[in-house]
Protein chains: 2
Amino acid sequence: MNSSADEFLTPIDSAETGAQQIRDAIRDAIVERRLAPGTKLSESDVGGLFNVSRTLARAALQALSYEGLVSVEKNRGAFVAYPSPEEARQIFAARRLVEPGILKSAAERITPVQLRQLRHLLLEEGRLMGERGQSARRAEIKASGDFHLMVAGISGNLIMQRFMEELVARSSLVIALYGQSSASSCGHSEHGDIITALEQKDIDAACGLMLHHIAHIEADLDLRERKSFGLKEAFER
Amino acid sequence: MNSSADEFLTPIDSAETGAQQIRDAIRDAIVERRLAPGTKLSESDVGGLFNVSRTLARAALQALSYEGLVSVEKNRGAFVAYPSPEEARQIFAARRLVEPGILKSAAERITPVQLRQLRHLLLEEGRLMGERGQSARRAEIKASGDFHLMVAGISGNLIMQRFMEELVARSSLVIALYGQSSASSCGHSEHGDIITALEQKDIDAACGLMLHHIAHIEADLDLRERKSFGLKEAFER
DNA sequence: GTGCAAATTATTGTATACAATTTAGCATCG
DNA sequence: CGATGCTAAATTGTATACAATAATTTGCAC
């Protein structure tokens, strides 16, 4: 059909189906803490909010449930995931398990350009740390996760990258729930240390720093059981 | 209240929602090679096959796409995943990356009862290896995967367990596509060696054996490009 | 006969309608 | 006054109908 060579420069595969857009929007809202854990996500409400039918809303919620960000209960509805302390520990155990290996793969393939991109991300992260306010803190959490995601991307393994996306998103949820200090997501200097180790091709040091970094984040959590979920003060929309 | 199991030919009476049952059925069919990679899974056909509407069929296919067993292409349809050689390598790279860590966690928690269960599974696996025929070979592949899944289950980390389920399923697809000898899925003795190492609490040895085992499986693959069916898809990309 | 192009067909994308299940409120009874 | 059973509202589960998009076929011109 399109025998013209002008077409392939515009691979608009980002024309994703509606459900995927809604899924991304809700995921961002969850990760950025605009949606509190435990919030009920009624299909009708979601659909109405995005001006689509329940069909798409349902598909989006279903997708999010596969990522562990939403828990759907049969005949009961969908809720923003409310990870238990045990679940939180497992999420970070998973990260300790996979991130050193991912970092090792990344270190073996990283290019100078990618190192510069990492530095750039770090700079952005630092800038956000300087600012104050809710939105800055949210962006800070996001930037902190993006560092790990970029490392996963550099590793070149799409499967691990996807898995890390899930882990980082769920980590944000955990941090939102159990994080104590606003510094919980930072580890800013630790990110920098890891980059430095990468620049020096010191893979073992980088992996050690990564492990320490993850442990540091987890140590800043208060993983006591919270049983009284406060009513939806989350509806401050 | 659930004594209504008299629907003819429709055992759709379990706790799971219909879409989940269909998803499981198709997944089993894929993993057991009853559905060849690249097979088109039309929503109407799937729905008709299970006597449900397209809605449920679509949900099941969507779910399988999140597991990487089915690839749905916008406005084109769903197909049994046809992993490329590169994808296959990434799958096994991921397994090499995570399985030692999972095994380590499992070794630290394993109980005598669980060790016996592993031995039992091994026995079953060996019995299937002795038999001949397609169905035996299929069951053998499945049993081989079940060993790894049981280890993941023993590790106690639900997230890693879920991830391993995905990796094992996709591995079966890869083996079905690129496996050369019927021994590709075996590694039967290697499973036994790993169990022995576990019994002796020799974690490092067990991890080493696991790495070797995975490498062995991968080495038995013939990861050359196959463009046999790729009429449409060859032109697409 | 070959190549392009428009119409046709088939399949997916989305919305709406109906059924089943759960939750809540209320009335009744102990 | 409290507990219990029933009715009603709301929400999810599923099916069907319609719209949009891609594949196929057919027809026409060269």
Side-chain angles (χ1 to χ4, degrees), chain A residues 1-5 7-8 10-26 38-66 70-80 229 231-232 235, chain B residues 1-5 7 10-26 38-66 70-80 229-237:
Chain A
M1 308 169 184
N2 49 2
S3 54
S4 71
E7 289 285 18
F8 65 86
T10 57
I12 309 180
D13 57 347
S14 64
E16 294 184 332
T17 178
Q20 287 175 311
Q21 284 184 269
I22 297 171
R23 160 175 65 81
D24 293 343
I26 298 179
T39 304
K40 182 170 175 70
L41 298 174
S42 147
E43 296 177 356
S44 307
D45 291 353
V46 171
L49 196 55
F50 290 91
N51 285 93
V52 296
S53 74
R54 264 185 56 217
T55 305
L56 294 191
R58 184 184 181 83
L61 294 173
Q62 199 77 8
L64 288 167
S65 88
Y66 290 117
V70 160
S71 81
V72 309
E73 303 175 23
K74 189 171 143 67
N75 283 319
R76 235 161 246 152
F79 305 84
V80 178
F229 26 102
L231 274 152
K232 312 326 189 224
F235 281 127
Chain B
M1 58 158 85
N2 25 0
S3 59
S4 66
E7 288 292 332
T10 55
I12 302 182
D13 186 303
S14 82
E16 293 189 336
T17 177
Q20 286 175 314
Q21 282 186 269
I22 297 171
R23 160 175 65 81
D24 293 343
I26 298 179
T39 304
K40 181 171 176 72
L41 299 175
S42 143
E43 296 176 357
S44 306
D45 292 351
V46 171
L49 196 55
F50 290 91
N51 285 93
V52 296
S53 73
R54 264 185 56 215
T55 305
L56 294 193
R58 184 184 180 83
L61 293 172
Q62 200 76 8
L64 288 167
S65 88
Y66 290 118
V70 160
S71 81
V72 311
E73 304 175 24
K74 187 170 147 67
N75 283 318
R76 235 163 248 153
F79 305 84
V80 178
F229 81 106
L231 224 53
K232 302 134 182 154
E233 305 206 5
F235 287 155
E236 265 305 315
R237 195 65 187 158

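Quick note on labels: first sequence line is chain A, next is B, and so on, each numbered from 1. Here the structure is a predicted model, which means the values were calculated and not measured.
Closest heavy-atom contact between K40(B) and G77(B): NZ-CA, 3.9 Å. Contact detail for A60(A) and A19(A): the closest heavy-atom pair is CB-O, 3.6 Å. Taking every heavy atom of both residues into account, L41(B) and V70(B) meet most closely at CD1-CG2, 3.8 Å.
Whole-Å rounding puts the E73(A) CD to dT21(C) P distance at 18 Å. Look at CG on L61(A): it is 11 Å from C1' on dT12(D), rounded to the nearest Å. Rounded to a whole Å, the CD atom of Q62(A) is 16 Å from the P atom of dT14(C). The nearest whole Å value for the distance from the CD atom in E43(B) to the P atom in dT14(D) is 16 Å. Rounded to whole Å, the distance from CZ on F50(B) to C1' on dA15(D) is 18 Å. Counting to the nearest Å, the C1' atom of dG13(D) and the CD atom of Q20(B) are 12 Å from each other. Rounded to an integer number of Å, the gap from K74(B) NZ to dT21(D) P is 7 Å. Taking atom CG of L56(A) as the reference point, atom P of dA19(D) lies 16 Å away to the nearest angstrom.
Mapped onto DNA chain D by nearest heavy atom, S53(B) and S44(A) fall at different nucleotides, with S44(A) at the one closer to the 5' end. With DNA chain C read from its 5' end, the first of the two nearest nucleotides for D45(B) and T55(B) is the one closest to D45(B).
If you check dA15(C), dT12(C), dT12(D) against the side chain of R58(B), the one that comes closest is dT12(C). Picking from dT14(D), dT16(C), dA22(D) the nucleotide with the shortest atom distance to the side chain of N75(B) gives dA22(D).
If you check distances only, the side chain of S42(B) never reaches the base of dT12(C) with a donor-acceptor pair under 3.5 Å. Contact annotation: side chain of R54(B) to base of dG13(C), donor-acceptor pair present below 3.5 Å.
Between R76(B) and dA23(D), a side-chain N or O to OP1/OP2 separation shorter than 4.0 Å is present. Side-chain nitrogen and oxygen atoms of K40(A) include at least one within less than 4.0 Å of the OP1 or OP2 phosphate oxygen of dT12(D).
Residues V52(B) and V46(B) have side chains not in contact (no heavy-atom distance under 4.5 Å, counting atoms from C-beta outward).
Using a 4.0 Å heavy-atom criterion, one finds that V72(B) contacts no nucleic acid atom at all.
The side-chain contact (heavy atoms from CB on, under 4.5 Å) search around S71(A) returns E73(A), F79(A), not counting sequence neighbours.
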